[in-house]
Engineer: 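Here it is, the structure, as C-alpha cells.
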There are 2 protein chains.
Amino acid sequence: MTDLKSVNNPLFLREEELRQAIELLFFAYRDFTAGPDQILKDYKFGRAHHRVIHFVGRNEGMTVSELLDILRITKQSLNRVLSNLIQRGFIEQRQGEEDRRQRCLYLTEEGRSLEQKVSRVQRELVASAFREAGGEAVAGYRKVLTGLIDEANRDTVLNRVLKP
Amino acid sequence: MTDLKSVNNPLFLREEELRQAIELLFFAYRDFTAGPDQILKDYKFGRAHHRVIHFVGRNEGMTVSELLDILRITKQSLNRVLSNLIQRGFIEQRQGEEDRRQRCLYLTEEGRSLEQKVSRVQRELVASAFREAGGEAVAGYRKVLTGLIDEANRDTVLNRVLKP
DNA sequence: AAATATATGTCAACATGACTGACTTAAAAT
DNA sequence: ATTTTAAGTCAGTCATGTTGACATATATTT
C-alpha cells in the first residue's frame, strides 16, 4: 500500500525535509561546540568565555560596545565573563585613542595561546567536514547558512565575518 | 604592497576560510533559535522545553532514556523541564506495554499545537534559506553538517534524523 | 525464590550564564 | 554648561546545566 501521507498531503515531504534540516543543524551544532567545551573546562571557562576570546581574537582592538552588539547579551552578563578574563590575564584593555571612553580589547599572549588551542580543534572538525563534503558542498553550506541569518542585519554580520 | 600574510603563509587563506565557516555557523544558529525563543517566552518555556517538545513530537512514544540519550543532559536536568511540561499538560506519559518500567512520552493536543506553532517559524526560516540557496546548495548544506556530527555516533544520529 | 540490574523519579546543593533595574564615572558632543 | 554616550557596578532573579545520594517498581539473572 502506498503511503497515505505522500498521496494525500503534497506538503508532507517538504515539511519532513525541513524538519530533517532543522535536526541536522541541532546535532551538528551540538557536536561542533563539544570540542571547545571540553578544553575550556580545564581552564574553568565556559562557552561565554570562548565567544569573547574568539571575537576579540578576530577583532583586535574592538570596543566593548561592538562586542556587546555581536554577542547580543547585556553588559552585565558580559562583564562577569570579561572581567574574569581580564583578571586572569587572557584579555587586556587599552583606553581608546580617539575616544578615551572606549576600552579596546586585546588578547594577551596567554589569551592568544588559548584561542589558538580551542580554535584548532574546531577548525580541524570543520576542515574534515569540508574535505569529506567537497568544494561544491562547502559553497552550498555557506549559501544556506547565510540565508539563515536574520535578514535585517545580514549585511552587517557578513561584513564582520568576511572582512578579516 | 601585497599582503604579507598570503605571500608568506600559504595556510592563511585556508585558516581564514575555516574561521569564517565557524562564525557563519555561530551567527546562523543564533538567529535560527531566535524565533522559537520568542514564542516560547509567552508560555514561560525556554529552549530546553522546546527541545523536549520537538523530539517527543518527532518520536511519539519514545522513552525517557531515549530522550536523555538525544539531549545529552542528566535526568535531573530533564526532569525539571519534563515534569513541568507534564504538569502543564503539554506532554503525557504512558507506561510501556512490553517493559512497564518505561514511561513513554506523547504530546497532548495542546503540546502538538505548540509544537506546530514553534516549528512553523523555524521551518519557514529554513524554507526561505533553502529557496534562496537552491537545491544544489541544500545538498551541500546537508553534506557539510553531516560531517560535523561526531563520527562515533553519526550513523545513529542520522538514522534518527532521517527515519521519521 | 533471591539477588542483581535497569528505568525512572526525587531531594539537595551548586555553577554558569542569561536577565532587569538602578546607579556611577569619565569623556564626548551639543 | 548641559546632555549624551561608553563603560562599569551592585543587587536580585531565572533557566538550565551539574554531582551525589537515595527510592521504587519492574526485569533479568543466578
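All values below were derived from every heavy atom in this structure, side-chain atoms included, with hydrogens, water molecules and symmetry-related copies excluded. No experiment lies behind these values; they were computed from the predicted model shown.
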Engineer: Tell me the interatomic distance from His49(B), atom NE2, to dA15(D), atom P, rounded to whole angstroms.
Structural biologist: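 Roughly 8 Å, once rounded to whole Å.
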Engineer: Whole angstroms only, please: what is the NZ-P distance between Lys44(A) and dT16(C)?
Structural biologist: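 My rounded result for the distance is 8 Å.
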Engineer: Using the side-chain heavy atoms of Ser77(B), tell me which of these nucleotides is nearest: dG8(D), dT18(D), dA18(C).
Structural biologist: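 In terms of side-chain proximity for Ser77(B), the closest of dG8(D), dT18(D), dA18(C) is dT18(D).
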Engineer: Once you round to the nearest 0.5 Å, how far does CD of Gln95(A) lie from CZ of Arg101(A)?
Structural biologist: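 The CD atom of Gln95(A) sits 11.0 Å away from the CZ atom of Arg101(A).
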Engineer: Could you state the atom-to-atom distance from CG of Asn79(A) to P of dA18(C) in whole Å?
Structural biologist: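 That distance rounds to 13 Å.
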Engineer: Please report the distance, rounded to the nearest Å, between CG in Leu67(B) and P in dA7(C).
Structural biologist: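 So the CG-P distance, Leu67(B) to dA7(C), works out to 14 Å.
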Engineer: Could you state whether Phe55(B) and Tyr106(B) fall into the same hydrophobic cluster, counting links through intermediate Ile, Leu, Val, Met, Phe, Trp or Tyr residues with side-chain heavy atoms under 4.5 angstrom apart?
Structural biologist: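 Unlinked, Phe55(B) and Tyr106(B) end up in two clusters.
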Engineer: Which class fits the ring pair Phe45(A) and Tyr43(A): parallel under 30°, tilted 30 to 60°, perpendicular over 60°?
Structural biologist: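 The rings of Phe45(A) and Tyr43(A) lie parallel, inter-plane angle below 30°.
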Engineer: Give the rounded distance in Å between these two atoms: CZ of Arg80(A) and P of dA18(C).
Structural biologist: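 After rounding, the reported distance stands at 9 Å.
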Engineer: Let me know the distance between CG of Asn84(B) and P of dT10(C), rounded to the nearest Å.
Structural biologist: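 Answer to the nearest Å: 13 Å.
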Engineer: Which comes earlier along DNA chain C counting from the 5' end, the contact point of Gly46(A) or that of Gln93(B), where each point is its nearest nucleotide?
Structural biologist: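 Its nearest nucleotide being more 5', the pick is Gln93(B).
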Engineer: Whether Thr74(B) contacts dT18(D) is assessed here as follows: a side-chain N or O lying under 4.0 Å from the phosphate OP1 or OP2. Is that the case?
Structural biologist: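 For dT18(D), OP1/OP2 do have a side-chain N/O of Thr74(B) under 4.0 Å.
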Engineer: Can you tell whether the side chains of Arg19(A) and Glu23(A) come within less than 4.0 Å, N to carboxylate O?
Structural biologist: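 Salt bridge absent between Arg19(A) and Glu23(A).
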Engineer: When all nucleic acid strands are considered with a 4.0 Å heavy-atom cut-off, which category describes Ser83(A): base, sugar-phosphate, or nothing?
Structural biologist: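 If one applies the 4.0 Å heavy-atom cut-off, Ser83(A) turns out to touch nothing in the nucleic acid.
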Engineer: Quick one: Asp37(B) CG to dC14(D) P, roughly how many Å, whole number?
Structural biologist: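 After rounding, the gap between these two atoms is 19 Å.
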Engineer: Would you mind reading off the distance between Lys41(A) atom NZ and dT16(C) atom P, rounded to a whole angstrom?
Structural biologist: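 It works out to 12 Å between those atoms.
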Engineer: Look at Glu124(A) together with Arg131(A) and state whether they make a salt bridge at an N to O cut-off of under 4.0 Å.
Structural biologist: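 No salt bridge links Glu124(A) with Arg131(A).
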Engineer: Flag the pair Arg112(A) and Glu60(A) as a salt bridge only when some basic side-chain nitrogen lies within less than 4.0 angstrom of an acidic carboxylate oxygen.
Structural biologist: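 Between Glu60(A) and Arg112(A) there is a salt bridge, with a charged N closer than 4.0 Å to a carboxylate O.
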Engineer: Quick one: label Arg47(A) by what it contacts on the DNA or RNA (base, sugar-phosphate, nothing), any heavy atom closer than 4.0 Å.
Structural biologist: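 Sugar-phosphate only.
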Engineer: Let me have a per-nucleotide readout for nucleotides 20-30 of chain D, 5' to 3', with B, S or -, counting only protein heavy atoms under 4.0 Å.
Structural biologist: BB---BBS---
Engineer: Could you walk me through whether Arg123(B) and Gln116(B) satisfy the side chain to side chain donor-acceptor pair (under 3.5 Å) test, starting with their C-alpha distance in whole Å, then the side-chain angles of each, then the deciding distance to 0.1 Å, before giving a yes or no?
Structural biologist: CA-CA 10 Å; Arg123(B) 278 183 281 125; Gln116(B) 275 295 324; 3.3 Å; yes
